Amino acid sequence: MHPDLSVVIPTFNEADRIGASVQAVVTHLDRRGLSHEVIVSDDGSTDPTREVVARLVREGLPVVLVEASVNRGKGRAVRRGVLASAGAGVLVADADLAIPITQLDVLMAALDAGADIALGSRRLNPQGASVRPPRSREILGWTFNLLVQATLLRGIWDTQCGFKLFRGEVARRLFPHCVIDGFAYDVEVLALARRTGCAIVEVPVAWSHAGGSSVRILRDGAAMLRDMARIARRLSRFDAAAAASAQADDPA
């Protein structure tokens, strides 16, 4: 069975909200008449997150739990969830549903128009926030985005929005080549997508800030900078290999 949509939700200690979020996703997709699976990819939670998801499975919801024994990072959790998916489309969504699942329609319209990847963008809709994040989070986001713009993904304004829709075959082709386990995984998969000719569009979405994020400004900011350098090195090797292959294929 290949559902219309796989929804991948990475979790780490999300017991307080994962149940309501999964219920909201399933209810909306049922109303839309889309066949679906919800893949909760747990990143070694130490709270009852997995027990909550297991209860949803017992209740008959179309939920799959992908478990990790230790915490390795959001990127690792997303990657494992995507590789377990089977949908014609793959939506990666944060457990807090800061971007409401009702915004899925605008991303699906972008894929219907020919995009391979549709990104929910808060930057393209700065007035669309019902609740704004703390100023420190906004500053970190803008600073990181400026760095991404200057180095790897010019023209993409919000790589870190936790609401991305991929064509299923595109997601399952890209993610096996990704290695970033932390929060910069978005940059890696999008940079690789651009290098391989995927059509990427950003779509303004309504959003709200939800508390309880596991992001820590100094620790995770420094890790993201290190991961950016790692991504740049890997892409340089990718470009060199592609150039060498093209030269070998050139009969001249």
Side-chain angles (χ1 to χ4, degrees), residues 2 4-10 39 41 73-94 99 103-104 106-124 141 144-205 224-246:
H2 296 283
D4 297 324
L5 185 69
S6 299
V7 181
V8 175
I9 304 177
I39 300 173
S41 183
K74 184 178 181 180
R76 171 69 72 91
V78 170
R79 189 160 65 246
R80 295 175 76 243
V82 169
L83 296 182
S85 72
V90 174
L91 176 70
V92 178
D94 284 347
I99 315 298
Q103 296 290 286
L104 172 65
V106 296
L107 300 192
M108 292 184 71
L111 262 60
D112 289 341
D116 295 308
I117 305 171
L119 313 177
S121 178
R122 299 160 296 184
R123 303 287 183 244
L124 295 183
F144 184 73
N145 181 258
L146 288 173
L147 178 61
V148 171
Q149 287 270 343
T151 56
L152 295 173
L153 286 167
R154 186 172 299 278
I156 295 181
W157 291 98
D158 192 2
T159 59
Q160 303 310 110
C161 180
F163 203 70
K164 297 177 174 67
L165 179 63
F166 298 77
R167 294 191 187 277
E169 72 274 13
V170 170
R172 289 183 287 271
R173 172 167 53 85
L174 292 173
F175 274 92
H177 299 285
C178 296
V179 299
I180 298 300
D181 288 341
F183 289 106
Y185 83 92
D186 310 76
V187 176
E188 181 183 33
V189 72
L190 294 177
L192 182 58
R194 177 170 281 182
R195 285 298 203 284
T196 55
C198 294
I200 306 171
V201 299
E202 282 190 282
V203 182
V205 291
M224 290 168 78
L225 291 177
R226 291 193 298 271
D227 284 341
M228 284 283 293
R230 187 181 180 192
I231 293 166
R233 290 194 299 270
R234 295 191 76 238
L235 289 176
S236 294
R237 292 195 293 270
F238 177 89
D239 291 341
S245 178

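Atom set for the values below is all heavy atoms of this structure, side chains included, hydrogens, waters and symmetry mates excluded. Please read these numbers as outputs of a predicted model, since none were measured by experiment.
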S.K.: State, yes or no, whether a side-chain contact exists between W157 and R122 at a heavy-atom distance under 4.5 Å.
M.R.: no
S.K.: Is K74 paired with D186 through a side-chain N to carboxylate O contact shorter than 4.0 Å?
M.R.: no
S.K.: Heavy atoms only: give me the nearest A77-P10 pair and the separation to one decimal.
M.R.: CB-CB, 3.9 Å
S.K.: Would you call R234-E188 a salt bridge at under 4.0 Å N-O?
M.R.: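 Yes, R234 and E188 are salt-bridged.
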S.K.: Mind checking whether F183 and D227 have side chains closer than 4.5 Å, heavy atoms only?
M.R.: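 Answer no - side chains too far apart.
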S.K.: Any side-chain hydrogen bond (donor to acceptor under 3.5 Å, both in side chains) pairs touching residues 168-177, not counting sequence neighbours?
M.R.: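 Applying side-chain hydrogen bond (donor to acceptor under 3.5 Å, both in side chains) to every pair that reaches into residues 168-177, excluding sequence neighbours, yields S85-R172.
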S.K.: Can you see which heavy atom on S121 is nearest to which on E202, and at what distance?
M.R.: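 Looks like OG-OE2, 3.3 Å.
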S.K.: Could you grab the distance from atom CG of D94 to atom CD of Q160, nearest 0.5 Å is fine?
M.R.: 10.0 Å
S.K.: Side-chain contact, heavy-atom cut-off 4.5 Å: L83 with P176?
M.R.: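 In short, these two side chains touch, coming nearer than 4.5 Å.
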S.K.: Heavy atoms, side chains only, cut-off 4.5 Å: are V92 and V82 in contact?
M.R.: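 Side-chain contact under 4.5 Å: yes.
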S.K.: Is it the case that the side chain of R123 and the backbone of I156 share a donor-acceptor pair, with hydrogens and angles ignored and the cut-off at 3.5 Å?
M.R.: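 No, R123 side chain to I156 backbone: no donor-acceptor pair under 3.5 Å.
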S.K.: Which value, rounded to the nearest 0.5 Å, describes the distance between I200 atom CD1 and D116 atom CG?
M.R.: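 It comes to 8.5 Å.
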S.K.: Would you name the heavy atoms of L235 and R195 that are closest together and state the gap between them?
M.R.: CB-NH2, 3.8 Å
S.K.: Is there a side-chain contact between L147 and L225 (heavy atoms, below 4.5 Å)?
M.R.: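 A side-chain contact under 4.5 Å exists here.
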S.K.: Under the side-chain contact (heavy atoms from CB on, under 4.5 Å) test against L190, which residue among L152, L174, I117, V148 passes?
M.R.: I117
S.K.: Rounded to the nearest 0.5 Å, what separates atom CD1 in I9 from atom CG in L91?
M.R.: 8.0 Å
S.K.: Out of V106, L119, I99, which residue meets the side-chain contact (heavy atoms from CB on, under 4.5 Å) rule with F163?
M.R.: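 Among V106, L119, I99, the one that satisfies the side-chain contact (heavy atoms from CB on, under 4.5 Å) with F163 is I99.
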S.K.: Is R79 close to Y185 at the side-chain level, that is, under 4.5 Å between some pair of heavy atoms?
M.R.: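 The answer is no; the side chains never approach within 4.5 Å.
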S.K.: Quick one, V179 and R230 - any side-chain contact, counting heavy atoms below 4.5 Å?
M.R.: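 Sidechains of R230 and V179: in contact.
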S.K.: Between I231 and T151, does the side chain to side chain contact (heavy atoms under 4.5 Å, CB included) criterion hold? Intermediate values first, please.
M.R.: CA-CA 10 Å; I231 293 166; T151 56; over 6 Å; no
